Amino acid sequence: KIFNEKIFKILNKYFEGITKKEVINASKLAYQEHKNFLQKIRDKGKEYIKFEDPEVLRVLLANGIGDGVGVTKTDASEVKSLKNYFKENTTIKTFDELKYFTSITSIDSEIFASSSIQRFTLPKECNAIKAALCYNCRSLAKVTGLESLEELSGYAVFIRTALKEINLPNIIKIGNLCFMECNKLVKVELGNKISFIDREAFYSCRNLTHFIVKATIPPSINDSIFD
């Protein structure tokens, strides 16, 4: 009330005929607009993804994803490819927030190839990997979200990783050299949809002791898939 009185006195000097009611209404509108603006800022702050690994945020912002300060879930959902953004990156450790990149339904780039990635989570919308996504990622011990994959047709997708167990309930096709030289791999379980395994997909997996195929019709095999 005091504020409106002061504003009225000031404005009345320059705008003849202005009424107190007009000043009060204008003040209310200005206050509401300011309140709405602050709420939008708060909402956006809540929507920012909290990346466990700061290196991930740094790389994403450097490649134009986000607003220069952070990356929201909306920003992430609009990205269709991460190209080779983390290839040969020796700082990255985790990227579980990859699950928010829901427009990535098929991966055709070497996103993490030869990097220090240790674990990540695929978007549940992703059903195919068609490139050497994790080629030579020797520290990679865990990938969450493999259950949605139908196709691992890329060359050497997980070659020389530290994965210990693989469960692919919906997989249809596994490409050549896919898990080659995964020396920590001990168990592989393939669902009843598997129809094709390309050559040397599990070549030189020296500790692989459990290999389960649930398909009633054995999958086609191109040459030897083991040693």
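Treat the numbers as computed from the prediction; the structure is a model and nothing was measured.
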**Student:** Is any side-chain heavy atom of L133 less than 4.5 Å from a side-chain heavy atom of I107?
**Tutor:**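 Side chain of L133 against side chain of I107, heavy atoms only: contact under 4.5 Å found.
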**Student:** Indicate if F101 and L146 have the same hydrophobic cluster label, given that clusters are the connected sets of ILVMFWY residues with side-chain heavy-atom separations under 4.5 angstrom.
**Tutor:**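 Yes, because F101 and L146 connect within a single hydrophobic cluster, where side-chain heavy atoms sit under 4.5 Å apart.
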**Student:** Quick check: Y203 with F226 (ring centres under 6.0 Å apart)?
**Tutor:**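 Between F226 and Y203, the centre distance exceeds or equals 6.0 Å.
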**Student:** May I ask you to say whether E189 pairs ionically with K214, meaning some side-chain N is under 4.0 Å from a carboxylate O?
**Tutor:**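 Yes, E189 and K214 are salt-bridged.
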**Student:** Looking only at side chains, do Y48 and D67 share a donor and an acceptor under 3.5 Å apart?
**Tutor:**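 Indeed, the side chains of Y48 and D67 share at least one donor-acceptor pair under 3.5 Å.
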**Student:** For C205 and L185, which heavy atoms make the closest approach, and how far apart are they?
**Tutor:**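 In this case the closest contact between C205 and L185 is SG-CD2, 4.3 Å.
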**Student:** Using side-chain heavy atoms (C-beta onward) and a distance below 4.5 Å, is I197 in contact with N222?
**Tutor:**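 No, every pair of side-chain atoms sits at 4.5 Å or beyond.
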**Student:** Any side-chain heavy-atom pair from T161 and R138 closer than 4.5 angstrom?
**Tutor:**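 No, their side chains stay 4.5 Å or more apart.
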**Student:** Under 3.5 Å, side chain of S77 to main-chain N/O of T102, donor-acceptor pair present?
**Tutor:**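 The answer is no, because no donor-acceptor pair under 3.5 Å joins these two groups.
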**Student:** Please tell me if the side chains of T105 and C126 come closer than 4.5 Å, counting only heavy atoms from C-beta onward.
**Tutor:**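 No, their side chains stay 4.5 Å or more apart.
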**Student:** Indicate the atoms forming the closest heavy-atom contact of L57 with V69, along with that distance.
**Tutor:**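 So the minimum-distance heavy-atom pair works out to CD2-O, 4.4 Å.
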**Student:** Can you check whether F95 reaches D53 side chain to side chain, under 4.5 Å on heavy atoms?
**Tutor:**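 Side-chain contact under 4.5 Å: no.
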**Student:** Minimum heavy-atom separation for K142 to L163, with atom names?
**Tutor:**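 Shortest heavy-atom separation between K142 and L163 comes out as N-CD2, 3.8 Å.
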**Student:** Can any side-chain N or O of N63 pair as donor or acceptor with the backbone N or O of V59 at less than 3.5 Å?
**Tutor:**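 Yes; at least one donor-acceptor contact below 3.5 Å.
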**Student:** Measure the OG-CE distance between S204 and M180 for me, rounded to the nearest 0.5 Å.
**Tutor:**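 One finds 6.5 Å between OG of S204 and CE of M180.
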**Student:** Give the C-alpha distance, both sets of side-chain angles, the deciding distance and a yes or no for side-chain contact (heavy atoms from CB on, under 4.5 Å) between I174 and F202.
**Tutor:** CA-CA 10 Å; I174 297 177; F202 298 92; 4.3 Å; yes
**Student:** Output all residues satisfying side chain to side chain donor-acceptor pair (under 3.5 Å) with E22, sequence neighbours left out; order by chain, then residue number.
**Tutor:**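 E22 satisfies side chain to side chain donor-acceptor pair (under 3.5 Å) with T19 once adjacent residues are dropped.
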**Student:** What closest approach, in Å, do V56 and T94 show between heavy atoms, and which atom pair accounts for it?
**Tutor:**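 Looking at all heavy atoms of both residues, the closest pair is CG2-O, 3.3 Å.
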**Student:** Within this structure, what is the CG-CG distance for the pair N89 and N84, rounded to the nearest 0.5 Å?
**Tutor:**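 Rounded to the nearest 0.5 Å, the CG-CG separation comes to 12.0 Å.
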**Student:** Give, for atom CG of L208 and atom NZ of K164, the distance between the pair rounded to the nearest 0.5 Å.
**Tutor:**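 That separation rounds to 14.5 Å.
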**Student:** With sequence neighbours left out, what residues match K184 under side chain to side chain donor-acceptor pair (under 3.5 Å)?
**Tutor:**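 Scan of K184 (side chain to side chain donor-acceptor pair (under 3.5 Å), adjacent residues dropped) gives none.
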**Student:** Could you see if L190 belongs to whatever hydrophobic cluster contains V186? Use Ile, Leu, Val, Met, Phe, Trp, Tyr and a side-chain cutoff under 4.5 Å.
**Tutor:**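 No: no chain of side-chain contacts under 4.5 Å links L190 to V186.
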**Student:** Heavy-atom count check: over 12 atoms from other residues, nucleotides or ligands less than 6.0 Å from K93 NZ?
**Tutor:**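 Result for NZ/K93: enclosed.
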**Student:** Is the F112 to Y135 ring centre distance short of 6.0 Å?
**Tutor:**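 Distance test on ring centres: not under 6.0 Å, no.
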**Student:** Below 3.5 Å, can you tabulate the donor-acceptor pairs from side chains in residues 148-160 to any protein atom, sequence neighbours excluded?
**Tutor:**
{"residue": "S148", "atom": "OG", "partner": "K124", "partner atom": "O", "Å": "3.2"}
{"residue": "E151", "atom": "OE2", "partner": "S153", "partner atom": "OG", "Å": "2.7"}
{"residue": "R160", "atom": "NE", "partner": "E181", "partner atom": "OE1", "Å": "2.8"}

**Student:** What is the minimum heavy-atom distance between D75 and G66, and which atoms define it?
**Tutor:**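 D75 and G66 have their closest heavy atoms at OD2-CA, 3.6 Å.
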**Student:** Grouping I, L, V, M, F, W and Y whenever their side-chain heavy atoms are under 4.5 Å apart, do I172 and V213 come out in a common cluster?
**Tutor:**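 Different clusters: I172 never reaches V213 through Ile, Leu, Val, Met, Phe, Trp or Tyr contacts under 4.5 Å.
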**Student:** Is there a donor-acceptor contact under 3.5 Å from the side chain of N207 to the main chain of N183?
**Tutor:**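 Checking the backbone N and O of N183 against the side chain of N207, a donor-acceptor pair under 3.5 Å is found.
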**Student:** Taking the side chain as C-beta and beyond, is there a heavy-atom pair between P219 and F196 under 4.5 Å?
**Tutor:**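 No; the side chains remain at least 4.5 Å from each other.
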**Student:** Is L60 close to L82 at the side-chain level, that is, under 4.5 Å between some pair of heavy atoms?
**Tutor:**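 In short, these two side chains touch, coming nearer than 4.5 Å.
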**Student:** Of all the heavy-atom pairs spanning K173 and I194, show the shortest one and how long it is.
**Tutor:**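 In this case the closest contact between K173 and I194 is N-CD1, 4.2 Å.
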**Student:** Take a 6.0 Å sphere around CD1 of I212 and say whether it holds more than 12 heavy atoms from other residues, nucleotides or ligands.
**Tutor:**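 Above 12, so yes.
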**Student:** How long is the straight-line distance from CD1 of I225 back to CZ of F211, given to the nearest 0.5 Å?
**Tutor:**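 Spacing of CZ (F211) from CD1 (I225) equals 4.5 Å.
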**Student:** Report yes or no: does E47 contribute a side-chain atom to a donor-acceptor pair with the main-chain N or O of T74 at less than 3.5 Å?
**Tutor:**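 Side chain of E47 to backbone of T74: a pair is present.
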**Student:** Would you indicate whether the side-chain heavy atoms of V79 and I65 approach each other to under 4.5 Å?
**Tutor:**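 The answer is yes; the side chains approach within 4.5 Å.
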**Student:** Rounded at 0.5 Å granularity, tell me how far CD1 in I129 sits from CG in L122.
**Tutor:**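 Separation between the atoms: 5.0 Å.
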**Student:** Go through the structure and list residues passing salt bridge (Lys or Arg N to Asp or Glu O under 4.0 Å) with K87, not counting sequence neighbours.
**Tutor:**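 K87 satisfies salt bridge (Lys or Arg N to Asp or Glu O under 4.0 Å) with E110 once adjacent residues are dropped.
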**Student:** What pairs of residues pass the salt bridge (charged side-chain N to carboxylate O under 4.0 Å, His left out) test when at least one of them lies in residues 94-107, not counting sequence neighbours?
**Tutor:**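 Residue pairs passing salt bridge (charged side-chain N to carboxylate O under 4.0 Å, His left out), neighbours aside: D96-R119.
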**Student:** Run the numbers on I117 and F86 for side-chain contact (heavy atoms from CB on, under 4.5 Å), then give the verdict.
**Tutor:** CA-CA 9 Å; I117 188 79; F86 299 94; over 6 Å; no
**Student:** Report the residues that fulfil side-chain contact (heavy atoms from CB on, under 4.5 Å) with E147, sequence neighbours left out, ordered by chain and then residue number.
**Tutor:**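 Checked E147 against side-chain contact (heavy atoms from CB on, under 4.5 Å); matches are P169.
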**Student:** Would you say S116's side chain and T90's backbone share a donor-acceptor pair under 3.5 angstrom?
**Tutor:**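 Indeed, once roles are kept as given, a pair shorter than 3.5 Å links the two residues.
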**Student:** Rounded to the nearest 0.5 Å, how far apart are CG of N136 and OG of S114?
**Tutor:**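 N136 atom CG to S114 atom OG measures 4.5 Å (nearest 0.5 Å).
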**Student:** Counting N and O atoms only, with roles assigned by atom type, does the side chain of S109 sit under 3.5 Å from a partner on the main chain of K83, one being a donor and the other an acceptor?
**Tutor:**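 Yes, because the side chain of S109 sits within donor-acceptor range (under 3.5 Å) of the backbone of K83.
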**Student:** Is V188 reachable from L177 through a run of hydrophobic residues whose side-chain heavy atoms are each under 4.5 Å from the next?
**Tutor:**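 No; V188 is not reachable from L177 via cluster members.
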